[in-house]
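Below: the structure, in structure tokens.
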Amino acid sequence: MRLWPAILLLLGLTGLLLGAEPDGVMKLSIPKDLKHPMPAQVDRIWSGVIVATNPENPKEPPTELREFAPRLKRVFGYTQFELAGSATEEINELTENWLVPSPIFPLSVRARRATSKEARGGYLLNLQLFQDKRPLVDSEVKLAPGSPLFIRGPQYGKGQIIIVLQIQH
Amino acid sequence: MKPFEEQFTAWVDGKLTGAELAEFEKQLAEHPEAATEKEDALKLGKLLRAHPTAPALGNADFFNHQLMQRIAAETPKPVEKKSTFFWSLPRLAWAGAFCLVITFVLFETIIPGGAKHIDKSNYFAQVVESWPGNPNVSASTVYSADDNVTVVWLDGLDYIPATYALNK
């Protein structure tokens with residue numbers, strides 16, 4: 001039986017027909033940003049300064065950290081996570097954004113919308129973390145909304161300072 | 001054939017001569033029936049020559065033709081194999097299904113991350129580059145795929161005593 005080449009040919013032709021654009025039709029692809037130059041919803045960036053410790057009787061993490069606490073336990077090895085301070089700012093792509101979750105650890109953030117698919121409408125951020133007025137680190141990061149980035153800061157007492165950043169849609 | 005039998009045949013045919021004949025005739029003394037057998041054999045030879053057994057065929061070619069036809073009719077014919085292409089439609093379908101199964105197994109087992117990774121990886125935090133602000137400080141990126149955690153890991157920072165207020 002030699003029907004199969006004919007079947008394959010038929011399938012191929014069907015695919016071509018379905019995939020072809022009708023003659024004379026020009027498909028315009030307009031970037032979403034051009035359709036809506038002013039976004040209806042402004043994205044925000046949230047940052048927090050976490051103090052991680054290992055007390056004998058660890059307390060429950062605050063509401064803001066409940067989502068992260070199990071992961072932080074596994075990665076950093078601490079049992080208690082307290083929020084020393086937090087700050088939320090609207091993202092302005094035109095200017096430098098300052099986040100001050102703690103006066104000791106201010107953050108300068110420059111944000112641009114990330115074009116990569118995996119960023120899912122997130123941002124390419126140029127971060128600058130300070131301790132008092134001394135720059136600790138400059139970083140270029142891509143963050144998708146809802147995906148926190150942690151910065152392991154200095155030792156604090158018997159614990160550890162952890163700074164967290166998250167884009168909020 | 002034994003040598004005696006050979007010699008006997010040659011003797012019957014009259015091919016033994018000289019010393020060979022004398023030697024054989026000595027042996028014949030032990031076989032008194034040999035003379036009778038020789039006579040019988042000679043008689044039979046004469047009779048066969050006088051009456052040939054094969055009858056003369058009037059139409060030998062026709063007879064041969066008939067015989068060959070009959071042999072051909074009675075000989076079972078070997079089953080003729082159809083020369084079909086190896087990739088028949090059912091085989092092609094089975095091969096396709098097999099390939100799909102193999103692909104699925106490879107996707108689930110070998111390809112890093114695989115389908116599970118795609119399902120749960122809404123998480124995306126990628127550190128493109130980090131530059132520490134102090135030469136004594138090092139910055140590296142730690143990513144835990146299992147926990148969906150990305151950390152900019154700073155080492156060499158100054159210790160802060162617990163008495164230092166973080167919210168002045």
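Here is how names work: the chains are called A, B, and so on, in the same order as the sequence lines, proteins then strands, and each is numbered from 1. Treat the numbers as computed from the prediction; the structure is a model and nothing was measured. For the numbers below, each heavy atom of this structure counts, side chains included, while hydrogens, waters and symmetry mates do not.
Here the side chain of A:Tyr156 pairs a donor or acceptor atom with the backbone of B:Ala162 at under 3.5 angstrom.
In this structure, B:His65 places its NE2 atom where only 12 or fewer heavy-atom neighbours from other residues, nucleotides or ligands lie under 6.0 Å away. Within 6.0 Å of CZ in B:Phe98 there are 12 or fewer heavy atoms belonging to other residues, nucleotides or ligands.
Linking Ile, Leu, Val, Met, Phe, Trp and Tyr residues whenever their side-chain heavy atoms come within less than 4.5 Å places B:Tyr164 and A:Leu136 in a single cluster. Taken together through direct or relayed side-chain contacts under 4.5 Å among Ile, Leu, Val, Met, Phe, Trp and Tyr, A:Trp98 and A:Leu125 form parts of separate hydrophobic clusters. In the hydrophobic cluster analysis, where Ile, Leu, Val, Met, Phe, Trp and Tyr join through side-chain heavy atoms closer than 4.5 angstrom, A:Val109 is grouped apart from A:Phe130.
Taken from CZ in B:Phe124 to NZ in A:Lys142, the straight-line distance is 5.5 Å, to the nearest 0.5 Å. We find the OH-OG distance between B:Tyr123 and A:Ser147 to be 6.0 Å, quoted to the nearest 0.5 Å. Note that OG1 of B:Thr150 is 11.5 Å distant from CD1 of A:Ile151, once rounded to the nearest 0.5 Å. The distance from atom CG of A:Leu149 to atom CD of B:Gln126, rounded to the nearest 0.5 Å, is 11.0 Å. If you take CG on B:Leu157 and CD on A:Gln155, they are separated by 9.5 Å, rounding to the nearest 0.5 Å.
If you measure heavy-atom distances from A:Gln128 to chain B, you find no contacts under 4.5 Å at all. Only the backbone of A:Pro101 comes within contact range of chain B, with at least one heavy atom under 4.5 Å from a heavy atom of that chain. Interface remark: A:Val51 contributes side-chain atoms only to the contact with chain B (heavy atom separation under 4.5 Å). With a threshold of 4.5 angstrom between heavy atoms, B:Pro161 approaches chain A through N, CA, C or O but not through any side-chain atom. Within the 4.5 angstrom heavy-atom criterion, only side-chain atoms of A:Phe105, from C-beta onward, approach chain B.
Closest of all the heavy-atom pairs between B:Leu166 and A:Ser102 is O-OG, 2.6 Å. For B:Trp131 against A:Glu140, the heavy-atom pair with the smallest separation is CZ3-N, 4.2 Å. Across all non-hydrogen atoms, the minimal contact from B:Ser130 to A:Ser139 is OG-OG, 2.7 Å.
Residue A:Pro154 is tested with B:Leu154, B:Val137, B:Ile160, B:Asp155 for a side chain to side chain contact (heavy atoms under 4.5 Å, CB included); the sole match is B:Ile160.
Under a 4.5 Å side-chain heavy-atom cut-off, the cluster of Ile, Leu, Val, Met, Phe, Trp and Tyr residues that includes A:Tyr78 is completed by A:Trp46, A:Ile50, A:Leu65, A:Phe68, A:Leu72, A:Val75, A:Phe76, A:Phe81, A:Leu83, A:Phe150, A:Ile162, A:Val164, B:Val142, B:Val149, B:Val151, B:Trp153.
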| request: For the pair A:Arg74 and B:Asp146, evaluate salt bridge (charged side-chain N to carboxylate O under 4.0 Å, His left out) and give the outcome as yes or no after the intermediate values. | output: CA-CA 10 Å; A:Arg74 284 194 291 272; B:Asp146 292 337; over 6 Å; no
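Residue pairs meeting the salt bridge (Lys or Arg N to Asp or Glu O under 4.0 Å) criterion with at least one member in residues 56-72 of chain B, sequence neighbours excluded, are B:Arg70-B:Glu74.
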